[in-house]
Amino acid sequence: MRFIRSTREYHEVYAGHEKRHGALFLFLRRRVSGAEECSVGIVVSRKVGNAVRRNKVKRRVRAYLREHSGQLPLGKLVIIAKSSSGTSNWADIAEDLGRNLTGIRE
RNA sequence: GGAGAGGAUCAUAUAUCUGCUGUCCCGCUUGCGGGAGAGAGGAAAGUCCGAACACCAAAGGGCAGGAUACUUCUUAACUGGAAGUCCUUGUGAAGGGGAGCUAGCUCCACAGAAACAAACCGCCGAAAGGUAAGGGUGAAAUGGCAGAGUAAGAGCCUGCCAGAUUCUGACGUGAGUCAGAAUGCUCGGAAAGCCUUAUCCGGUGCAAUGCCAAAUAGGGAAGCAGUCUUCGGACCCGGAUUUGCCCGAUCCGGUUUGCUUUCGGGUAGGCAGCUUAAGCCGGCUUAAAUGUCCCGGUUGGGAAUAGCAAUAUUCGGCUUAGAGAAAUAGAUGUAUGAUCACUUGUUAGGUGAUUAACAGAAUUCGGCUUAUGACCGUCUCCGACA
RNA sequence: CGGGAUGUAGCGCAGUUCGGUAGCGCACACGGCUGGGGGCCGUGGAGUCGUAGGUUCAAAUCCUAUCAUCCCGA
């Protein structure tokens, strides 16, 4: 697993993707033929809260992805936080991520 | 006990598991593994001031534009800080504010005769004219009371009260305070209206700036795609014309065009700038944090000395984030603190539950402003008791 | 890092230059015209002008601070 760090890769995913709505997050997935790992980008906008709250959401998402790095779908994936994710606790975030990531993989 | 004013301090600690970003060391498979050690704030925020640093511009001066505005001290500098002074708000502790409407222009709604200009009504007078007492509106109308005076009146004059200006003396570095005297001086308000006076200010900002530099396109240079030669040219190749095609003819080109190599600019990208500081503590020395010298300067710049250089310049110790779609964490416990509920042996303790205030470095530093939890001591007012 | 704009009735906007009465359209309520609806006509309500402080006799307007939203440049 690696993280997306360039504007070009983000626009690549925005140009063509499959969309899936969760309770707290929005998932954009682009299939890449021959991909052997998953590239993940996390987007948290100002709607979620102030800088401390946005950082906390990003850290929690990253922590979940590291713990479950073997169960991610192949290709490129962008996770966009919805505004309600800023006030949720760890159990809700982990449950929403787990359900939707398994749904995307199958 | 309640209500308030202003000030200082801290920003919960720790354990286990799983992880992140730099630095140093070791190992080799040269980009991985192992080890050690470090890793958000008082406001990191707002970006409101001031500086350092970088680049651009620049003889000097002025205009324009912008900022500031009581006094003294302080600071590298500042819309910063300290103390004081006057005005003002508050019962008070305390808080807020400060150049100039006797240079000029402009504005002052409604009401009112009139809003700074002396007119109108009125009063006096035969008239010319004099007058600002009366006009009751307004936020604001040329100081108030009494007397004298007059044709009628008026600080026109006199006394008292209120204020202003000037002078003198005392105190203070100064803003200014106090006392005395003189002048009938009594002048409307607004400069957070234009403006005047004094002082200061070149511009842009780390996405500054410097270095390395892929692919594609375009530019410069060289070579190859050709032999003979008497250097005129011939053959050859390419193009055009000659009706569509072929031959031939004529003209033009071989300095074209294509390929290869190479050069510089420069994009993506990468590296530097990038973190050790306008610090703290102690000793020595000195009149003094005075510390080789200079630039008003503990930063910075320049010089000198030492050193190959980095660097150091009174010596020793301590602190030390440096990322780049942006790390500094996630989870589970324990203890402390807060709130609520229940309970006991009730100035105290136990059990359970809940929540961790505001908030995340982005070149660096000094301030200001704003957000916010807890605790400490000081002061003021009110109430009760002794 | 730097520059700029906006905030006024439920919604969209005037009024701010140069201080003095807060207005327009849609929407809303009531009444009338119609058998009813639509439409038209008339009447009316609704605002501490984003917040706080100051200047002034008087502030939506001037000054200062602050909050929110939006835009632009390197």
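Chain identifiers are assigned alphabetically (A, B, ...) following the order of the sequence lines, protein sequences preceding nucleic acid strands; residue numbering begins at 1 within each chain. Model, not experiment: these values are computed from the prediction.
Syn is the classification of G155(B), since its glycosidic angle stays within 90° of 0. Its glycosidic angle being within 90° of 0, G22(B) falls on the syn side. In G232(B) the O4'-C1'-N dihedral to the base is within 90° of 0, which defines a syn nucleotide. Taking the syn range as angles within 90° of 0, the glycosidic angle of A60(C) is outside it, so the base is anti. Syn is the conformation of G42(B), whose glycosidic angle sits no further than 90° from 0.
Between Arg53(A) and Arg62(A), the residue anchored closer to the 5' end of RNA chain B is Arg62(A), taking for each the nucleotide with the nearest heavy atom. Residues Ala51(A) and Ala63(A) both approach RNA chain B. Their nearest nucleotides, taken by heavy-atom distance, put Ala63(A) toward the 5′ side.
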Write down the protein N/O and nucleotide N/O pairs, taken from nucleotides 42-45 of chain B, whose separation is under 3.5 Å; answer none if there are no such pairs.
none

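If you take atom P in U88(B) and the same atom in U56(C), they sit 13 Å apart, rounded to whole Å. Distance check on atom P: G273(B) versus A309(B) gives 23 Å, rounded to whole Å. Rounded to a whole angstrom, the distance from the C1' atom of G31(C) to that of G45(C) is 15 Å. Between A272(B) and U261(B), the two P atoms lie 34 Å apart (nearest whole Å). Only the C1' atoms considered, G193(B) is 41 Å distant from G153(B), to the nearest whole Å. Between A36(B) and C17(B), the distance separating the two P atoms is 14 Å to the nearest Å.
Side-chain atoms of Lys19(A) never come within 3.5 Å of backbone atoms of Arg29(A) as a donor-acceptor pair (strictly under, hydrogens ignored). Of the possible donor and acceptor atoms, one in the side chain of Asp96(A) sits under 3.5 Å from a partner among the backbone N and O of Leu24(A).
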Pairs of donor and acceptor atoms involving the side chains of residues 58-65 of chain A, under 3.5 Å and at least two apart or interchain, shall be tabulated with distances.
unit_1: Arg60(A); atom_1: NH1; unit_2: Ser88(A); atom_2: O; d: 3.4
unit_1: Tyr64(A); atom_1: OH; unit_2: Gly98(A); atom_2: N; d: 3.4

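Across all strands shown, A217(B) forms no Watson-Crick or G-U wobble pair with both distances under 3.5 Å. The base-pairing partner of C235(B), taking Watson-Crick or G-U wobble contacts with both distances under 3.5 Å, is G226(B). Nucleotide C340(B) forms a Watson-Crick or G-U wobble pair with G352(B), both donor-acceptor distances falling under 3.5 Å. U255(B) is unpaired under the Watson-Crick or G-U wobble criterion, no partner having all donor-acceptor distances under 3.5 Å. A 3.5 Å limit on both hydrogen-bonding distances identifies no Watson-Crick or G-U partner for U298(B).
If you take OH of Tyr64(A) and C1' of A329(B), they are 18 Å apart, rounded to a whole angstrom. Going from atom CZ of Arg54(A) over to atom P of A325(B) covers 16 Å, rounded to whole Å. Whole-Å rounding puts the Leu65(A) CG to A331(B) C1' distance at 16 Å. Atom-to-atom, CZ of Arg60(A) to C1' of U332(B) comes out at 14 Å; the value is rounded to the nearest Å. Rounded to a whole Å, the CG atom of Asn55(A) is 6 Å from the C1' atom of G360(B). Summarising the geometry, the separation between CD1 on Ile79(A) and C1' on A325(B) is reported as 14 Å, rounded to the nearest angstrom. In this structure, CD1 of Ile93(A) is placed 13 Å from C1' of A331(B), rounded to the nearest angstrom.
Inter-residue side-chain proximity for Phe27(A) and Ile80(A) is flagged as unmet; no heavy-atom pair is nearer than 4.5 Å.
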Criterion side chain to side chain contact (heavy atoms under 4.5 Å, CB included) on Leu28(A) and Leu77(A), from CA distance to verdict: CA-CA 6 Å; Leu28(A) 306 180; Leu77(A) 181 70; over 6 Å; no

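Counting atom types as modelled, Arg59(A) pairs a side-chain N or O with a base atom of G360(B) as donor and acceptor under 3.5 Å.
At the phosphate of G330(B), OP1 or OP2 sits under 4.0 Å from a side-chain N or O atom of Lys56(A).
Salt bridge status for Glu18(A) with Arg30(A): absent, with no side-chain N to carboxylate O gap under 4.0 Å.
No single ILVMFWY cluster, assembled from side-chain heavy atoms under 4.5 Å apart, contains both Val52(A) and Val57(A).
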